[in-house]
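Residue indices begin at 1 and follow the sequence shown. Reckoned from all heavy atoms, side chains included, excluding hydrogens, waters and symmetry mates.
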Amino acid sequence: VGSVRCVYETGHEVQDRDQVTEIPDDVKEKLLRFGRAAVAAATMRGKSYLQIGSVTMGIGGSIMDQDFMEEYLGLRVESVDEVEILRRMEEGIYDHEAYEKALTWTKEHCREGRDDNPEYVDFLGEKRRIKFTPEEKEKQWEFTIKMYCIIKDLIQGNQNLPAGFEEEKVGHNAIAAGFQGQRQWTDHWPNCDYPEAVLNSSFDFEGPKEPMVFATENDVLNGLGMLFMELLTNRAQIFADVRTYWSPEACERVTGQKPDGVAANGFIHLINSGATALDGSGACVDAKGNHVMKPFWEMNDADIKACLNATDWCRADYEYFRGGGYSSHFRCKAEMPVTMLRFNIVEGIGPVLQIAEGWTADLPDEIHNTIDKRTDPTWPTTWFCPRLTGQGAFTDVYSVMANWGANHGVTVYGHVGADLITLASMLRIPVTMHNVPAEKVYRPHAWASFGTQDQQAADYAACKQYGPLYR
């Protein structure tokens, strides 16, 4: 990797000799930021990303680049076909006790939501019934919960699997994973929304747990963004489509009302098919009554109950998922500070990061109900309002979306863009857009040798010069 060098940081003010035990606040912030980033980088090394399936619907973010994973992040790539899930179901290679507990817990705590599917559809010239009977719903839930248990075992292993399956007990030592799903799987079998949502949440049938990063549509680049966020914050992530920008004028034209507060300049609709962590509902509150997404070790029974009560599980839309399944559905009714991130790989440049700090918005019912129906009201919705600077990609809300590198993004609680920038510099990944205040940006001092007038250009130059961390 290279020689070991000392890390030091000077404060803004000179200290006297009798102050040597006191670390100035500005130095404390930089040391902690460096420490968080260093631990995140070190934690990834030697672990794996497990892809279940392959490329989803031609999505660029789900095209695996193994050289990048190994050279920049120190991650191995492990791959299994989706048929492995079916094999384990049919041969009983799962933790039967855990499955029964998970099924009981789900029936007790995960209430079913709306089913907007018609009774029948025309399919290949024939009339097909698509409404599930109660018996068919039961089978769908059983299949879905087995998927959850099996995927969890694939990621981390499970010593409670049946005797004789020693290889399966080991798992894949994965720190992050993804599931292809669409369309070959979801055209025939129940979708993976429940496993994706619950794996990404900070709890499941066993109680509080560390979120297990799991990318829908095997968007590995968004999965890596989720991993960065989880390692830096220890909180669950919101995986969503960066779907639609709504200007104040368009909002008023369609709903009869102009947004105000943090949404006064417009907002972006973050929505996906139910794979979002339930923490994203914003139902948890801290000691001061503020809506938050908590670190997983702070989650208690009241927090878990609040997230579950804010969520229902809607029958998957047949238009997208012919095989059925259930999508988590909630409305984030909290105004919270958040950071949105996107990982991209650009040919000729390599990996780059995009960062947008802002807030979630609790829009009035008249606005939410009207706009939410324009996509799919059975999916979880978050309204995102980036902090504007009046310059570049943050000139206005539209510019943020127009410059976003893909239709997926990952959002985490808190304004943590500065930590992400420090981590990116350690991994030699330039940041192509961000709205972090300049005084909070902390990169190695060597970056100054590549220019001080244009920090973004210097970042690109330094990352190119130093190259991948593990080359």
Side-chain angles (χ1 to χ4, degrees), residues 52-53 55-59 61-62 82 85 106 110-117 121 130 132 137 140-141 143-145 147-148 151 177-201 213-223 225-226 236-244 268-281 307 310-332 340 342 368 371-384 406-411:
I52 304 174
V55 180
T56 303
M57 301 183 295
I59 293 174
S62 70
E82 292 164 308
I85 295 174
T106 300
C110 298
R111 57 190 171 88
E112 286 189 23
R114 60 197 287 174
D115 181 354
D116 289 346
N117 294 290
V121 295
I130 63 171
F132 290 149
K137 284 186 176 182
Q140 287 261 316
W141 275 117
F143 187 99
T144 299
I145 303 308
M147 279 181 69
Y148 176 76
I151 291 171
F179 184 79
Q180 177 187 341
Q182 293 171 274
R183 297 222 355 245
Q184 291 79 9
W185 178 278
T186 57
D187 275 4
H188 188 68
W189 288 288
N191 67 19
C192 198
D193 282 0
Y194 176 96
E196 289 162 355
V198 180
L199 284 167
N200 285 320
S201 298
V213 172
F214 198 60
T216 190
E217 297 172 351
N218 193 33
D219 185 345
V220 57
L221 295 185
N222 217 46
M226 297 167 72
Q237 316 300 314
I238 299 172
F239 183 116
D241 286 356
V242 183
R243 187 61 68 105
T244 315
I268 296 172
H269 194 180
L270 304 182
I271 184 170
N272 203 24
S273 66
T276 298
L278 275 59
D279 308 57
S281 62
C307 291
T311 307
D312 56 14
W313 298 85
C314 301
R315 160 71 200 281
D317 191 331
Y318 181 84
E319 180 181 353
Y320 299 97
F321 306 112
R322 295 177 189 169
Y326 291 90
S327 296
S328 65
H329 166 253
F330 59 75
R331 168 188 174 185
C332 180
M340 188 165 74
R342 177 65 199 184
H368 169 86
I371 295 178
D372 198 43
K373 292 176 182 177
R374 289 198 164 208
T375 302
D376 194 312
T378 67
W379 296 351
T381 277
T382 303
W383 306 109
F384 175 61
N407 77 314
H408 286 162
V410 53
T411 308

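For E82 (side chain) and G181 (main-chain N/O), a donor-acceptor pair under 3.5 Å exists by modelled atom type. In this structure a side-chain-to-backbone donor-acceptor pair under 3.5 Å is present from S62 to T56. Listed for the W185 side chain is a donor-acceptor partner under 3.5 Å among the backbone atoms of P190. With hydrogens and angles disregarded, no donor-acceptor distance shorter than 3.5 Å links the side chain of N200 to the backbone of Q237. Looking only at distances, no side-chain donor or acceptor of S201 sits under 3.5 Å from a matching main-chain atom of A277. The backbone N or O of D372 lies less than 3.5 Å from no partner atom in the side chain of H269, so there is not a single donor-acceptor pair. Distance alone, capped at 3.5 Å, places no donor-acceptor pair between the N407 side chain and the V242 backbone.
For the atom pair T216 OG1 and N222 CG, the distance stands at 10.0 Å (nearest 0.5 Å). Summarising the geometry, atom OH belonging to Y318 is positioned 16.0 Å from atom CG belonging to D116; distances are rounded to the nearest 0.5 Å. Taken to the nearest 0.5 Å, the CD atom of E196 stands 7.5 Å off from the CE atom of M147. Here S328 contributes atom OG and N272 contributes atom CG; the two are 9.0 Å apart, rounded to the nearest 0.5 Å. The line from OG1 of T378 to NZ of K373 is 13.5 Å long, rounded to the nearest 0.5 Å. Within the model, atoms CG of L278 and CD1 of I238 stand 11.0 Å from one another, a figure rounded to the nearest 0.5 Å.
The two residues P377 and R114 come nearest to each other via the heavy atoms CB-NH1, 3.7 Å. Here the closest heavy-atom approach between residue V220 and residue G61 is recorded as CG1-O, 2.9 Å. The two residues C314 and H329 come nearest to each other via the heavy atoms SG-CB, 3.7 Å. In terms of heavy atoms, P195 sits closest to Y148 at CA-CD1, 3.7 Å. The two residues I151 and C192 make their nearest non-hydrogen contact at CD1-SG, 3.7 Å. Contact detail for T311 and C307: the closest heavy-atom pair is OG1-O, 2.8 Å.
Residues D241 and H408 form a side-chain contact, since some pair of their non-hydrogen atoms from C-beta on lies under 4.5 Å apart. Contact check for K137 versus E112: side-chain heavy atoms found under the 4.5 Å cut-off. Counting heavy atoms from C-beta outward, R322 and T186 have side chains that stay 4.5 Å or more apart. T244 has its side chain out of reach of I268: every pair of non-hydrogen atoms, C-beta onward, lies at least 4.5 Å apart. With a 4.5 Å cut-off on side-chain heavy atoms, W313 and S327 do not count as touching. Within the 4.5 Å cutoff, the side chain of N117 has no heavy atoms near those of the F321 side chain. Side-chain contact between N191 and Q182 is absent, with no heavy-atom pair separated by less than 4.5 Å. Between T411 and T382, every side-chain heavy-atom pair lies at or beyond the 4.5 Å cut-off.
Ring geometry for Y320 against W379 counts as tilted: the plane angle lies between 30° and 60°, on a 0 to 90° scale.
Electrostatic pairing of D219 and R342 counts as a salt bridge here, judged by a charged N lying under 4.0 Å from a carboxylate O.
Counted by atom type alone, T106 and Y194 present one or more donor-acceptor pairs between their side chains at under 3.5 Å.
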Assess the residue pair D376 and R243 against the criterion (salt bridge (Lys or Arg N to Asp or Glu O under 4.0 Å)); give the C-alpha distance rounded to whole Å, side-chain angles, the decisive distance to 0.1 Å, and a yes or no. CA-CA 11 Å; D376 194 312; R243 187 61 68 105; over 6 Å; no
Derivation of the side chain to side chain contact (heavy atoms under 4.5 Å, CB included) call for I371 and W383: CA-CA 11 Å; I371 295 178; W383 306 109; 3.5 Å; yes
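Surrounding CZ of R183 are at most 12 heavy atoms belonging to other residues, nucleotides or ligands under 6.0 Å away.
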